[in-house]
Chemist: 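Let me begin by handing over the structure; questions about it come next.
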Protein chains: 2
Amino acid sequence: MRRDIFQAIADPTRRAIIVLIATQAMTPNALAENFHTTRQAVSKHLRILTECEIVKQEQQGREIYYSLELKKMKEIDKWLEQFRKMWESRFDNLDQYLAKIQKEKKHGKSK
Amino acid sequence: MRRDIFQAIADPTRRAIIVLIATQAMTPNALAENFHTTRQAVSKHLRILTECEIVKQEQQGREIYYSLELKKMKEIDKWLEQFRKMWESRFDNLDQYLAKIQKEKKHGKSK
DNA sequence: TATTTATGAAACTAATCGGTTGCAAATATA
DNA sequence: TATATTTGCAACCGATTAGTTTCATAAATA
């Protein structure tokens, strides 16, 4: 299946699952209790998240604990990087500009 | 239409559009030249991006220039925040630990 | 061993998605 | 004014999506 992490986090239920397992590993049954869907639906979401390597499994007897693969979240962050530079540079430049003209006002024009 | 920013960025063409207009405003026609789809398909993507307020329009005669609404990108960043805290505390600590033991290997145990 | 529990997978369905073609409206140009 | 250009919108279509129900398997428990 041709799924990437951006499609994976497009679904609100999957985002909620991601948030839930971020702090502690959970079983499909425990996860399903948090949603108004069947356990099987949650299982399908977990399948997709597993395919994208966003979650990892750890079997314990007949239970399977799912937990978050944090480094995959970093991939989204990496894509955002290019825009972060922009919004940071815009405001930073404004700050610098304001600081500059304020300095010039005080001390007279000096490079 | 029940669309949010996460669904908006799920489509690769829309992500490419976002990147293209991030640096300079562009018309639908100019944008369409960058993809193997019709202008109308690009127009539909722009409609979705507009509904999500990810892009803003500026009419100039019969042309419409689309540009990025940077602050919407920040919303994704905001969601990522909760995970960033985690990976920074985990991986940065790991990096520091690795750097530390490497240093100790070279120079002998020194703080 | 028989039963219950936890899980994934298959088959099906209604809704949505991304694309197309065709058209209408508005603006620029001949 | 007649024509060309730029654009958005509607209607349609095949593929995908998220959900359901049903079933099979494996592990725990009675």
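Letters A, B, ... are given to chains in the order of the sequence lines, protein chains preceding strands, and every chain is numbered from 1. Note: hydrogens, waters and symmetry copies are ignored here, and every other heavy atom, side chains too, is used.
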Chemist: I want to check one thing: is the phosphate of dT7(D), taken as OP1 and OP2, less than 4.0 Å away from some side-chain N or O of Ser43(B)?
Modeler: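 False: Ser43(B) side-chain N/O out of range (4.0 Å or more) of dT7(D) OP1/OP2.
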
Chemist: In whole angstrom, give the distance that lies between atom CD of Glu63(B) and atom C1' of dT5(D).
Modeler: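 Glu63(B) atom CD is separated from dT5(D) atom C1' by 9 Å.
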
Chemist: Test for a donor-acceptor pair under 3.5 Å between the base of dG18(C) and the side chain of Arg14(B), counting only N and O atoms.
Modeler: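 Not at all, since no donor on one side and acceptor on the other fall under 3.5 Å apart.
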
Chemist: So if I take every side-chain heavy atom of Ile64(A) and compare against dT7(C), dC17(C), dG19(D), which nucleotide ends up nearest?
Modeler: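 Nucleotide nearest to Ile64(A)'s side chain: dT7(C).
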
Chemist: Quick one: pull up CG in Leu80(A) and NZ in Lys85(A) and give me the separation to the nearest 0.5 Å.
Modeler: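 Going from the CG atom of Leu80(A) to the NZ atom of Lys85(A) covers 12.0 Å.
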
Chemist: When the distance from NE2 of His45(B) to C1' of dC9(D) is rounded to whole Å, what number comes out?
Modeler: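 To the nearest whole Å, that distance equals 16 Å.
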
Chemist: Nearest whole Å is fine: how far is dT27(C) C1' from Tyr65(B) OH?
Modeler: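 Answer to the nearest Å: 14 Å.
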
Chemist: Between the base of dT22(D) and the side chain of Gln40(A), is there a donor and acceptor pair under 3.5 angstrom?
Modeler: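 Yes, a donor-acceptor pair under 3.5 Å.
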
Chemist: In residues 25-38 of chain A, which residues come under 4.0 Å of DNA chain D by heavy atom?
Modeler: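 Thr37(A), Thr38(A) - these, ordered by number, are the residues of the stretch whose heavy atoms sit under 4.0 Å from the strand.
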
Chemist: When rounded to the nearest 0.5 angstrom, what distance separates CZ in Arg39(B) from CG in Leu31(B)?
Modeler: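 The CG atom of Leu31(B) is 12.0 Å from CZ of Arg39(B), to the nearest 0.5 Å.
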
Chemist: CH2 of Trp87(B) to CD of Gln82(B): how many Å apart, nearest 0.5 Å?
Modeler: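 Between Trp87(B) CH2 and Gln82(B) CD, I get 10.0 Å after rounding to 0.5 Å.
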
Chemist: Rounding to a whole Å, what distance do you find between Gln57(B):CD and dT7(D):P?
Modeler: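 It works out to 11 Å between those atoms.
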
Chemist: Does the dG19(D) base have a donor-acceptor partner in the side chain of Lys44(A) within less than 3.5 Å?
Modeler: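 It does, because a donor-acceptor pair links the side chain of Lys44(A) to the base of dG19(D) below 3.5 Å.
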
Chemist: Walk me through it: do Asp77(B) and Lys71(B) pass the test salt bridge (charged side-chain N to carboxylate O under 4.0 Å, His left out)?
Modeler: CA-CA 10 Å; Asp77(B) 197 61; Lys71(B) 63 169 175 273; over 6 Å; no

Chemist: Please report, rounded to the nearest Å, how far the C1' atom of dT16(C) is from the CD atom of Glu51(B).
Modeler: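 Interatomic distance, CD of Glu51(B) to C1' of dT16(C): 14 Å.
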
Chemist: Please walk me through it: do Asp11(B) and Lys44(B) pass salt bridge (charged side-chain N to carboxylate O under 4.0 Å, His left out)?
Modeler: CA-CA 12 Å; Asp11(B) 182 83; Lys44(B) 268 179 91 170; over 6 Å; no

Chemist: Rounded to whole angstrom units, what separation is found between the CZ atom of Arg47(B) and the C1' atom of dT16(C)?
Modeler: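 After rounding, the gap between these two atoms is 14 Å.
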
Chemist: More 5' along DNA chain D: Gln59(A) or Ala10(A), using each one's nearest nucleotide?
Modeler: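 Residue closer to the 5' terminus by nearest nucleotide: Ala10(A).
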
Chemist: Without decimals, in angstroms, what is the distance between Gln60(A) CD and dA26(D) C1'?
Modeler: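 It is 16 Å, rounded to the nearest whole Å.
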
Chemist: By nearest heavy atom, map Tyr66(A) and Arg39(B) onto DNA chain C; which one lands nearer the 5' end?
Modeler: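 Final value for this comparison: Tyr66(A).
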
Chemist: Ion pair present between Glu75(B) and Lys72(B), side-chain N to carboxylate O less than 4.0 angstrom?
Modeler: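 Counted as a salt bridge, because a side-chain N and a carboxylate O are separated by less than 4.0 Å.
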
Chemist: In whole angstrom, give the distance that lies between atom CG of Leu46(B) and atom C1' of dT7(D).
Modeler: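 Between C1' of dT7(D) and CG of Leu46(B): 11 Å.
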
Chemist: After noting the C-alpha distance and the side-chain angles of Arg84(B) and Glu81(B), does the key distance pass the salt bridge (charged side-chain N to carboxylate O under 4.0 Å, His left out) rule?
Modeler: CA-CA 5 Å; Arg84(B) 189 173 306 112; Glu81(B) 196 92 22; 3.5 Å; yes

Chemist: Is a donor-acceptor pair below 3.5 Å formed from side chain Arg62(B) to base dT5(D), judging by atom type as modelled?
Modeler: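 For Arg62(B), whose side chain was compared with the base of dT5(D), there is a donor-acceptor pair (under 3.5 Å).
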
